[in-house]
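Structure first, then comments.
For clarity, every value in this text was computed on a predicted model and none was experimentally measured.
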Amino acid sequence: AAPAAAVPAAAVPAGEITKEQAVEMALKAHPGEVTKAYQDTKKGKQTWEVKINGTDGKKWEVHYEIKTGALVSEEGK
């Protein structure tokens with residue numbers, strides 16, 4: 001866990017996930033190379049969007065809700 005001092009407490013509700021955690025979860029679901037990971041909004045929720053060039057030959061876009069870590073959407077092209 002990141003030290004609480006690094007970010008104002010109000011910005012880190014319980015259960016929030018970091019970009020690193022989102023990347024880790026996305027790679028577990030879709031092994032490959034992460035090309036981008038950034039904050040985005042999907043279905044009205046603040047999410048981490050992780051883009052992966054998958055070892056399955058697809059380009060994956062995976063969205064996790066920042067507040068809960070829940071999977072919001074995933075799409076393979």
Side-chain angles (χ1 to χ4, degrees):
V7 181
V12 188
E16 184 165 295
I17 62 165
T18 64
K19 179 162 67 172
E20 290 73 23
Q21 286 170 309
V23 165
E24 219 172 276
M25 294 190 310
L27 281 172
K28 269 190 194 138
H30 305 288
E33 180 194 348
V34 173
T35 57
K36 263 189 189 166
Y38 57 94
Q39 207 165 334
D40 196 13
T41 304
K42 185 81 170 178
K43 298 183 182 174
K45 297 175 162 90
Q46 282 297 108
T47 63
W48 289 117
E49 177 172 334
V50 184
K51 294 186 180 222
I52 298 170
N53 285 338
T55 52
D56 58 4
K58 291 185 177 177
K59 290 188 187 300
W60 288 95
E61 260 180 41
V62 190
H63 292 83
Y64 293 102
E65 187 175 6
I66 293 172
K67 266 195 293 208
T68 63
L71 179 67
V72 176
S73 80
E74 63 181 347
E75 194 180 332
K77 297 176 182 167

**Asked** Taking C-beta and beyond as the side chain, do T35 and K59 meet within less than 4.5 Å on heavy atoms?
**Response** no
**Request:** Using a 4.5 Å cut-off on heavy atoms from C-beta on, say whether the side chain of K67 contacts that of Q46.
**Result:** no
Inter-residue atom distance [X].[atom1] - [Y].[atom2], 0.5 Å rounding:
| X | Y | atom1 | atom2 | result |
| --- | --- | --- | --- | --- |
| E16 | T68 | CD | OG1 | 10.0 Å |
| I66 | K45 | CD1 | NZ | 12.5 Å |
| K58 | N53 | NZ | CG | 13.5 Å |
| L27 | E33 | CG | CD | 10.0 Å |
| I17 | W48 | CD1 | CH2 | 8.0 Å |

**Fill in**
In terms of heavy-atom contacts, G69 and Y64 come closest through O-CD2, 3.6 Å
**Listed partners of E24 passing side chain to side chain donor-acceptor pair (under 3.5 Å), at least two apart** = none
**Fill in**
For Y38, the other hydrophobic cluster members (4.5 Å side-chain criterion, sorted by chain and number) are none
Output side-chain donor-acceptor pairs under 3.5 Å for residues 70-77, partner residues at least two apart or in another chain, one line each.
{"unit_1": "S73", "atom_1": "OG", "unit_2": "H63", "atom_2": "ND1", "d": "3.2"}
{"unit_1": "E74", "atom_1": "OE1", "unit_2": "H30", "atom_2": "NE2", "d": "2.6"}

